[in-house]
Amino acid sequence: MATIGTLERVTAASLSKILLAAQEAPAAAPNIAIIDVRDDDYIGGHIKGSRNVPSRTLDYMLPTLVRQLQDKDTVVFHCALSQQRGPSAALRYIRERERLLGAAAAAANKSANPTTAAPSSSLDATGSSAGETSNAAADGTAVTAAAATESGIQPVVKEQKVLVLDRGFVGWQEEFGTDERLTEGYRKELWEDGYWG
């Protein structure tokens with residue numbers, strides 16, 4: 001079972017390479033989602049393409065997130081510093097995914113998110129990790145847990161890597177805040193004196 005201490009992290013540099021590769025070759029774009037769980041501190045910019053789901057809304061948004069993100073290979077969570085809200089959201093997401101998608105999700109999560117802690121993820125430019133496998137049905141189509149349950153067949157749950165952005169948006173903006181290819185809505189003046197969240 002995953003714990004906050006065993007969640008895998010991804011560095012800003014690694015994530016930026018994936019996002020830039022996706023911009024250069026949209027046809028080979030990685031299947032990645034970035035979830036920003038900052039609340040009232042969601043000001044001064046955000047990672048381009050990320051989705052803000054404030055941590056205070058996470059409890060009732062989790063089932064929706066699991067459904068909306070079930071086809072993603074990688075989901076990256078972060079908050080301002082990725083010390084509490086980001087890792088907690090990632091762990092809650094993993095557990096909700098297992099609850100909703102059942103034993104197949106637990107096996108896929110265990111395979112994609114090993115219980116040994118790693119300092120940062122080794123994702124390639126497509127957002128995939130080494131040794132990743134595909135969980136498609138025999139005819140090549142994905143079967144959702146809900147559809148499988150209704151039809152009486154065993155669901156095929158796609159393996160999904162759940163990561164936490166190391167150092168959160170504070171670390172991200174220090175490296176990529178002014179890079180408009182990677183950051184939207186950046187307001188440098190809000191970050192000049194540091195983060196006081």
Side-chain angles (χ1 to χ4, degrees), residues 2-26 28-62 64-65 68-69 72-94 96 113 117-129 160-197:
T3 66
I4 289 197
T6 62
L7 287 171
E8 204 169 338
R9 293 186 171 256
V10 61
T11 64
S14 294
L15 184 57
S16 71
K17 289 176 186 173
I18 295 166
L19 298 177
L20 289 173
Q23 291 175 13
E24 292 173 11
N31 199 2
I32 189 168
I34 302 168
I35 307 299
D36 184 336
V37 296
R38 290 180 290 163
D39 295 295
D40 295 335
D41 54 338
Y42 183 73
I43 58 170
H46 56 273
I47 298 172
K48 192 171 189 173
S50 67
R51 177 176 173 185
N52 180 236
V53 180
S55 66
R56 67 179 175 269
T57 67
L58 201 58
D59 282 340
Y60 64 86
M61 285 298 297
L62 274 175
T64 302
L65 268 181
Q68 291 174 345
L69 303 178
K72 299 292 182 186
D73 294 326
T74 305
V75 181
V76 179
F77 285 87
H78 77 87
C79 58
L81 298 170
S82 288
Q83 292 177 352
Q84 292 181 345
R85 293 174 294 177
S88 175
L91 188 59
R92 289 162 59 195
Y93 174 83
I94 289 170
E96 182 69 7
N113 302 292
S120 64
S121 176
S122 56
L123 296 177
D124 63 19
T126 66
S128 300
S129 58
Q160 190 175 78
K161 195 88 160 158
V162 179
L163 307 171
V164 176
L165 177 61
D166 197 36
R167 300 183 60 230
F169 188 76
V170 171
W172 177 270
Q173 66 83 27
E174 288 172 358
E175 292 186 54
F176 304 108
T178 58
D179 190 336
E180 293 181 358
R181 300 170 304 162
L182 296 168
T183 307
E184 295 177 316
Y186 185 67
R187 295 189 47 204
K188 185 176 182 173
E189 70 275 9
L190 295 177
W191 298 98
E192 287 175 347
D193 293 328
Y195 176 73
W196 300 100

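The number of heavy atoms from other shown groups lying within 6.0 Å of CD (Gln84) does not exceed 12. By the 6.0 Å contact criterion, CD on Glu180 is open, its count of non-hydrogen atoms from other residues, nucleotides or ligands being 12 or less. Residue Arg56 qualifies as enclosed at atom CZ: its count of foreign heavy atoms under 6.0 Å is above 12.
Distance check, rounded to the nearest 0.5 Å: CD1 of Ile34 to CG of Leu15 gives 4.5 Å. Leu69 contributes atom CG, which lies 9.5 Å from atom CG of Asn31 (distance to the nearest 0.5 angstrom). Atom OG1 of residue Thr6 and atom CD1 of residue Ile94 lie 7.5 Å apart, to the nearest 0.5 angstrom. To the nearest 0.5 Å, atom CD1 of residue Ile32 and atom CG of residue Leu19 are 6.0 Å apart. If you take CG on Leu20 and CZ on Arg181, they are separated by 4.5 Å, rounding to the nearest 0.5 Å. In this structure, CD1 on Ile4 lies 11.5 Å from CD on Gln83, to the nearest 0.5 angstrom.
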TODO: Tell me, with the steps shown, if Asp41 and Arg85 meet side-chain contact (heavy atoms from CB on, under 4.5 Å).
DONE: CA-CA 12 Å; Asp41 54 338; Arg85 293 174 294 177; 2.7 Å; yes

Task: Candidate pair Arg92 and Phe77, rule side-chain contact (heavy atoms from CB on, under 4.5 Å), full reasoning - done: CA-CA 11 Å; Arg92 289 162 59 195; Phe77 285 87; over 6 Å; no

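With hydrogens and angles disregarded, no donor-acceptor distance shorter than 3.5 Å links the side chain of Glu175 to the backbone of Ala12. Counting only distance, with no hydrogens or angles, the side chain of Arg9 and the backbone of Ser82 share a donor-acceptor pair below 3.5 Å. Looking only at distances, a side-chain donor or acceptor of Gln173 sits under 3.5 Å from a matching main-chain atom of Val170.
Summarising the geometry of Leu7 relative to Leu91, their closest heavy-atom pair is CD1-N, 4.2 Å, with the distance given to 0.1 Å. Leu182 and Ser16 get closest at one heavy-atom pair: CD1-CB, 3.7 Å. Counting all heavy atoms, side chain and backbone alike, Gly44 lies closest to Leu190 at CA-CD1, 3.6 Å. Of all heavy-atom pairs between Lys72 and Ala33, the closest is CG-CB, 4.1 Å. Closest non-hydrogen pair, Glu184 versus Gly49, comes out as OE1-N, 3.9 Å. Between Leu165 and Val76, the closest heavy-atom pair is N-CG1, 3.9 Å.
Salt-bridge check for Asp179 with Lys48: failed, with every basic side-chain N at 4.0 Å or more from each acidic carboxylate O.
With contacts defined as side-chain heavy-atom distances shorter than 4.5 Å, the pair Ile35/Val75 qualifies.
A donor-acceptor contact closer than 3.5 angstrom links the side chains of Asp39 and Ser55.
Aromatic pair Tyr186/Trp172: centroids not less than 6.0 angstrom apart.
Note on ring orientation: taking the six-membered ring where Trp is involved, the planes of His78 and Phe169 are parallel (angle under 30°, cut-offs 30° and 60°).
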